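Convention: sequence-line order gives letters A, B, ...; per-chain numbering from 1. Being a predicted model, the structure only gives us computed values, none of them experimental.
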Protein chains: 2
Amino acid sequence: MDALSRERIVAAAVAILDTAGESGLTFRALTERLATGAGAIYWHVANRNELLDAATEAVIAPVVKPVEADEPADGIRAIALGLFDAIAEHPWLATQLATQLSRSPWGSVTPRIFESIGRHVSAMGVPKAGWFTAGSALVHYILGAAGQNAANARVLGAGGDRAEFLAAASAAWERLDPEEYQFTRAVGDQVREHDDREQFLAGVDLVLAGIAASR
Amino acid sequence: MDALSRERIVAAAVAILDTAGESGLTFRALTERLATGAGAIYWHVANRNELLDAATEAVIAPVVKPVEADEPADGIRAIALGLFDAIAEHPWLATQLATQLSRSPWGSVTPRIFESIGRHVSAMGVPKAGWFTAGSALVHYILGAAGQNAANARVLGAGGDRAEFLAAASAAWERLDPEEYQFTRAVGDQVREHDDREQFLAGVDLVLAGIAASR
DNA sequence: CCCTGGATTGGAACGACATTCCAATGTTGG
DNA sequence: CCAACATTGGAATGTCGTTCCAATCCAGGG
């Protein structure tokens with residue numbers, strides 16, 4: 001039996017989260033996968049929340065590494081896509097990052113994301129007074145849109161393919177009152193034809209255009 | 001004892017959520033406040049999640065009522081501020097809306113928000129192909145920024161005042177490695193001097209500028 | 001080499017929770 | 001007034017996070 005360590009526990013947590021979602025991360029699942037007892041785990045991590053935070057950090061850290069790019073906007077797009085892919089691959093990140101943002105915004109992971117995006121914002125020539133606004137708009141759009149994309153993918157689930165999902169989503173939308181939800185329904189038709197990644201990048205570019213316009 | 005009803009249960013849930021947060025909403029707290037048993041509540045409500053959704057809807061519904069405005073942008077600002085205030089008054093909304101967005105995006109509350117914002121987006125003269133991108137950027141920024149604002153207010157808590165909070169936040173930021181977090185730290189200085197609401201609106205206007213630029 | 005103190009482990013025990021179940025009570029139409 | 005049904009209150013169940021403790025491991029000093 002290899003020595004138990006914080007890293008091994010966090011790795012096991014990520015694996016469980018990936019296959020069973022946030023509600024699947026129980027101490028029972030952990031003790032079984034690690035062939036140990038709950039007390040041993042508690043010696044290395046304070047509690048379940050700290051473990052969730054550590055798992056989030058372990059998965060996000062590689063994405064927010066500094067990126068060199070000719071254009072600052074390209075650096076932002078690269079980080080945005082990295083986050084998009086990470087959240088698509090680990091759907092539990094969406095809820096987790098949102099919760100962390102609105103529970104303890106100055107925790108460990110969120111400022112790192114903010115910083116990695118902000119570096120490029122300041123390089124864009126935005127006046128200092130606009131840094132917070134520009135950085136916030138980017139980060140909130142990126143995390144929100146990536147999370148929603150992951151949610152769509154999850155609804156799709158293991159079984160079906162894209163066509164099946166779109167059919168289900170269409171059905172759900174058709175059920176909406178056409179009068180009351182005319183915008184949402186009109187948008188549904190547009191979305192079906194576009195690639196998720198491209199659509200996400202279009203949103204990033206929209207915010208970037210806003211930053212450029214108010215510079 | 002007045003007749004138990006779904007409305008009374010939802011109202012009690014909102015009251016509990018406001019004073020004790022999401023983790024405070026237990027069936028024990030509900031049965032005590034309503035002077036009844038768990039079984040009675042389960043006859044009106046399927047489970048805890050449905051109750052959380054109903055509480056969210058009850059609090060959000062008044063905010064997403066149609067708004068008439070001379071300029072579409074003003075309508076968007078009005079709805080954004082309504083959401084901002086609702087989330088500030090009921091901080092549990094931040095986590096709840098984020099969770100609902102990334103769990104079942106096509107539930108009941110989220111499309112209503114999307115629709116109420118989208119109406120004004122289409123009135124802005126955005127070409128149809130850009131509706132989804134523009135609406136998404138707005139909604140994600142609004143919910144994300146409002147949630148973060150509520151989180152800041154919560155850290156501040158019942159006891160202290162704004163100066164105390166800013167001192168605590170400063171202290172947290174000073175502890176960050178100045179080299180590694182130079183953008184975040186620079187931004188902290190800017191933020192201290194500005195009104196939260198104005199800062200929030202500046203972000204909305206930034207996204208609106210992006211929409212106008214790509215129109 | 002052993003022995004002693006701290007580090008680490010495994011699992012039992014505890015209290016809180018969401019949910020289910022059921023007997024009892026209210027209500028209503030024939 | 002009496003059957004069917006709607007509604008209630010609370011006891012029972014199983015799962016969870018967390019705490020506690022006895023047992024084991026390990027390193028360094030005598």
d([atom1], [X]; [atom2], [N]) in whole Å:
{"X": "B:R6", "N": "D:dA6", "atom1": "CZ", "atom2": "P", "result": "18 Å"}
{"X": "B:E32", "N": "D:dG10", "atom1": "CD", "atom2": "P", "result": "11 Å"}
{"X": "A:R48", "N": "C:dC17", "atom1": "CZ", "atom2": "P", "result": "16 Å"}
{"X": "B:L30", "N": "D:dG10", "atom1": "CG", "atom2": "P", "result": "15 Å"}
{"X": "A:L4", "N": "D:dC25", "atom1": "CG", "atom2": "P", "result": "15 Å"}
{"X": "B:L51", "N": "C:dC17", "atom1": "CG", "atom2": "C1'", "result": "15 Å"}
{"X": "A:I16", "N": "D:dC16", "atom1": "CD1", "atom2": "P", "result": "12 Å"}
{"X": "B:F27", "N": "C:dC17", "atom1": "CZ", "atom2": "C1'", "result": "10 Å"}

First of A:A46 and B:L34 reached from the 5' end of DNA chain D, by closest nucleotide: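 Its nucleotide being nearer the 5' end, the pick is B:L34.
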
Presence of A:H44 side-chain N/O under 4.0 Å of C:dT9 phosphate oxygens OP1/OP2: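 Looking at the OP1 and OP2 atoms of C:dT9, one of them is under 4.0 Å from a side-chain N or O of A:H44.
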
Distance test, side-chain N/O of A:R28 to OP1/OP2 of D:dT15, below 4.0 Å: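 Looking at the OP1 and OP2 atoms of D:dT15, neither is under 4.0 Å from any side-chain N or O of A:R28.
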
Between A:F183 and B:F114, ring centroids under 6.0 Å: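 Here the rings of B:F114 and A:F183 have centres that are less than 6.0 Å from each other.
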
Ring center gap for A:Y141 and B:Y141 short of 6.0 angstrom: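 No, too far apart.
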
Nearest-neighbour nucleotide for the [X] side chain, [options] considered:
{"X": "A:A38", "options": "D:dG17, D:dT8, D:dT19", "answer": "D:dT19"}
{"X": "A:Y42", "options": "C:dC17, C:dT9, D:dG17", "answer": "D:dG17"}
{"X": "B:T26", "options": "C:dC17, C:dT19, D:dT8", "answer": "C:dC17"}
{"X": "A:N47", "options": "D:dT18, D:dT8, C:dT9", "answer": "D:dT18"}

Touch class at under 4.0 angstrom, heavy-atom based, for A:L25 against every strand present: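 The answer is sugar-phosphate, as A:L25 gets under 4.0 Å only of primed atoms, P, OP1 or OP2.
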
Touch class at under 4.0 angstrom, heavy-atom based, for A:A35 against every strand present: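 If one applies the 4.0 Å heavy-atom cut-off, A:A35 turns out to touch the sugar-phosphate alone, with no base involved.
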
B:E57 side chain to B:S108 side chain, donor-acceptor N/O pair below 3.5 angstrom: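 Yes, B:S108 and B:E57 have a side-chain donor paired with an acceptor closer than 3.5 Å.
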
Criterion side-chain contact (heavy atoms from CB on, under 4.5 Å) on B:F27 and B:I41, from CA distance to verdict: CA-CA 8 Å; B:F27 276 81; B:I41 295 175; 3.8 Å; yes

B:L25 vs B:W92, side-chain contact (heavy atoms from CB on, under 4.5 Å): CA-CA, chis, key distance, verdict: CA-CA 11 Å; B:L25 181 67; B:W92 48 274; over 6 Å; no

